[in-house]
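Let me begin by presenting the structure, written as structure tokens, before commenting on it.
On a predicted model such as this, the values are computed, not experimentally measured, just so you know. Protein chains get the first letters and strands the later ones, always in sequence-line order, with residue 1 at the start of each.
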2 protein chains.
Amino acid sequence: MSDTGHPHRIQLIRQGMVKHVAPHHWEELTPLLQEQRTYPSNTVISTRGSTLDHSLLLLDGIVARSIPRPDNERSTFVALQFRGDFVDLHAFPLKQLDHDVVAVTPSTVAVVQHDALKKVLDGNIEMSRTLWSLTLVDASIHRHWAMRNSAMRGFARVANFFSEIDARLCAATETYQDSYTIGITQTDIADATGMTPVHVNRVLKDLREDGCCSISNGHLQIIDRDRLHMRGDFDPAYLYLPGSEAPL
Amino acid sequence: MSDTGHPHRIQLIRQGMVKHVAPHHWEELTPLLQEQRTYPSNTVISTRGSTLDHSLLLLDGIVARSIPRPDNERSTFVALQFRGDFVDLHAFPLKQLDHDVVAVTPSTVAVVQHDALKKVLDGNIEMSRTLWSLTLVDASIHRHWAMRNSAMRGFARVANFFSEIDARLCAATETYQDSYTIGITQTDIADATGMTPVHVNRVLKDLREDGCCSISNGHLQIIDRDRLHMRGDFDPAYLYLPGSEAPL
DNA sequence: CGTATGCTTGAATCACGTCAACTGATGTGG
DNA sequence: CCACATCAGTTGACGTGATTCAAGCATACG
């Protein structure tokens, strides 16, 4: 299930959301990352209801926060995490987990033990507040997801969803790309957008024919970024991306 | 727009979510509440994009966090706040506001200036973490709203929504009631559940005829709480209510 | 090989949205 | 006081976006 690697082999990237952590704080943080784990796709990393004594820094892959549906046949994704994201950092103050954490694609994480983190943060109000901010950005994204899945129709909804993935992956890799190998299935997209896989399939076809983007074999290609943003009414402000005008 | 009251007239209730704040911390916090404001229903308290130097403690009324829709004709509610909730506490670390804050019903708030709060929190890691937790409970509720509006059908969705209101108002007033005067309109419910006002009206009729609850003139009556919870697949764990088994 | 998983498409159905008309309550100004 | 406007709620008729059920087709895998 999980593959433990040697401490010295951890590749510590300061890209994506963790870039909000100032360099001199980052130096205090990295020694805490002593364990590395790898999960194959479609595996549960943490289950809801459980108590966590650690959080994860996502090094590679895509991880979803997932809430099982009442019927228990499928589940709903309420958030996606990309490389450079702190996964379950909110479990540090809250301990109890209210949702599942699932590796959507093969994923690699670094483990941060809460007691070690506590020792560092207890003496460092400033960094403490930065990490607080990181969890609040998650909250901002949650709000956007609630809005998107409540107020937008299928076509615009998926367009907005891909715009977000594009923007976040761009921030995570620090290069603008026209195509990404993300390896998520249409069923995953359905879980994230609150639609059926069948309808997702049809919307994807519409997006392709409209010249926005195309996705096949887990390979997302942005054909016309401006058009995609327009169709999805996309405004990345809610992402608080590092480097954008809105500071943390 | 806002009515400023005298400092000594503020009625400080330690009910609802602020009950998570320990009594000895509460004593440090209350001196910060020096100003009281009252807003009539349907008024904007803070607009998105603006920078906040204060947060609000909701003393009475119902306040919504609202994101304008692309068409700009209506807006979507992504959260509701009740008495005892910290409104916009997340603006303390984040400063920038990504959504509007609107008084849904006539509301009274107490103002907490961020610089005063900072002085208290800088020397108090423990309370700092409690307030961090409070914002994370908001995030948990956001996740639930995303799930609810993505995965549940109209009938169950509204049932779940009312179950939440019931549970939170109960926690806010510390008495189990069969009816509440909440004063929200069917259009408000529509904005919160991602439905049209017309369809909300029909669902409310179904809920009434099913013997769950009835709402008229902003007056919510719980007819059969167990039935309501069943219909809405309601499990209050995500609310982290004070006094429940899941501690902060 | 056979079986599982993901993608694609069609046809039928349904939940929900849209448009519109009507009611009742409240409020305002002449 | 009445005429008029406004807003919340209610209901009907109709249209459509989305789900459901189903079949077919790939590719991957033990």
Side-chain angles (χ1 to χ4, degrees), chain A residues 40-43 62 69-71 73-74 76 102-106 148-161 181-210 213-221 231-232, chain B residues 40-43 62 69-71 73-74 76 104-106 148-161 181-210 213-221 231-232:
Chain A
S41 67
N42 261 318
T43 47
I62 298 177
R69 296 197 179 192
D71 55 27
E73 286 184 14
R74 268 173 55 206
T76 304
V102 184
V104 176
T105 69
R148 178 167 62 209
N149 290 1
S150 300
M152 301 179 91
R153 288 286 170 78
F155 188 79
R157 196 187 293 182
V158 176
N160 188 287
F161 177 67
T181 305
I182 53 178
I184 65 177
T185 67
Q186 294 187 1
T187 303
D188 292 329
I189 301 170
D191 289 339
T193 55
M195 300 161 53
T196 51
V198 173
H199 196 236
V200 164
N201 182 284
R202 292 190 233 267
V203 169
L204 290 182
K205 188 183 173 188
D206 293 341
L207 280 167
R208 206 180 313 123
E209 288 174 353
D210 191 60
C213 63
S214 84
I215 182 163
S216 61
N217 296 323
H219 193 79
L220 170 66
Q221 185 178 11
R231 296 289 193 236
Chain B
S41 66
N42 261 318
T43 47
I62 298 178
R69 296 196 178 192
D71 56 27
E73 287 184 15
R74 268 172 56 207
T76 303
V104 176
T105 69
R148 177 168 63 211
N149 290 1
S150 300
M152 301 179 91
R153 289 286 168 78
F155 188 79
R157 198 188 294 182
V158 177
N160 187 288
F161 177 67
T181 305
I182 53 177
I184 65 176
T185 66
Q186 295 186 1
T187 303
D188 292 329
I189 301 171
D191 289 339
T193 55
M195 300 160 55
T196 53
V198 174
H199 197 237
V200 164
N201 181 287
R202 293 191 234 266
V203 169
L204 289 183
K205 188 182 174 188
D206 293 342
L207 280 168
R208 206 181 313 124
E209 288 173 355
D210 192 61
C213 63
S214 85
I215 182 163
S216 62
N217 295 324
H219 194 80
L220 170 66
Q221 185 177 10
R231 296 289 193 236

With sequence neighbours left out, the residues meeting side chain to side chain donor-acceptor pair (under 3.5 Å) with T105(B) are none
R208(A) CZ to dC7(C) P, in whole Å, measures 11 Å
Rounded to whole Å, the CG-C1' distance (N42(A) to dA4(C)) equals 13 Å
Students should find that the end-to-end axis angle of the helix from dC1(C)-dG30(D) to dG30(C)-dC1(D), with five pairs defining each axis and rounding to 10 degrees, is 30°
Between D188(A) and V104(A) the two heavy atoms that sit nearest each other are OD2-CG1, 3.3 Å
Residues in residues 183-196 of chain B with a heavy atom under 4.0 Å of DNA chain C, by number, are G194(B), M195(B), T196(B)
Show the distances under 3.5 angstrom between N or O atoms of the protein and N or O atoms of nucleotides 20-24 of chain C.
none

Footprint ends on DNA chain D, 5' to 3', for atoms under 4.0 angstrom from a heavy atom of chain B, come out as dG9(D) to dT20(D)
The answer to which of V203(B) and L204(A) contacts DNA chain C further toward the 5' end, by nearest nucleotide, is L204(A)
Residues P197(A) and A190(A): closest non-hydrogen pair is N-CB, 3.6 Å
Rounded to whole Å, the CZ-C1' distance (R74(B) to dG17(C)) equals 11 Å
From NZ of K205(A) across to C1' of dG10(C) the rounded distance in Å is 10 Å
**Any L220(A) side-chain heavy atom under 4.5 Å of I184(A) side chain** = no
| said: Is there a side-chain contact between V203(B) and I189(B) in this structure, where contact means two heavy atoms from C-beta onward sitting under 4.5 Å apart? | reply: no
Taken in chain and number order and not counting sequence neighbours, the residues that satisfy side-chain contact (heavy atoms from CB on, under 4.5 Å) with S41(B) are P106(B)
Rounded to whole Å, CZ of R69(B) lies from P of dG17(C) at a distance of 9 Å
Across all chains, not counting sequence neighbours, the side chain to side chain donor-acceptor pair (under 3.5 Å) partners of R69(B) are T76(B)
So salt bridge (charged side-chain N to carboxylate O under 4.0 Å, His left out) across residues 189-201 of chain B, not counting sequence neighbours, yields R74(B)-D191(B)
Practice task
Assign R202(B) to base, sugar-phosphate, or nothing according to its heavy-atom contacts below 4.0 angstrom with the strands shown.
Solution key: base
Whole-Å distance, D206(B) CG to dA15(C) C1', equals 12 Å
Sorted by chain and number, sequence neighbours left out, side chain to side chain donor-acceptor pair (under 3.5 Å) with D210(B) holds for R227(B), R231(B)
Correct closest heavy-atom pair for N160(B) and G232(B) would be ND2-O, 2.8 Å
Residues at least two apart in sequence or cross-chain that pass side chain to side chain donor-acceptor pair (under 3.5 Å) with T193(A), listed by chain then number, are none
Whole-Å distance, R157(A) CZ to dC16(C) P, equals 12 Å
Quiz item: When you look at I215(A) and I182(A), which way does the side chain to side chain contact (heavy atoms under 4.5 Å, CB included) test go after all the steps?
Solution: CA-CA 10 Å; I215(A) 182 163; I182(A) 53 178; 4.2 Å; yes
By side-chain contact (heavy atoms from CB on, under 4.5 Å), S214(B) pairs with (sequence neighbours left out) R208(B), Q221(B), I223(B)
Sorted by chain and residue number, the salt bridge (Lys or Arg N to Asp or Glu O under 4.0 Å) partners of R157(A) (sequence neighbours excluded) come out as none
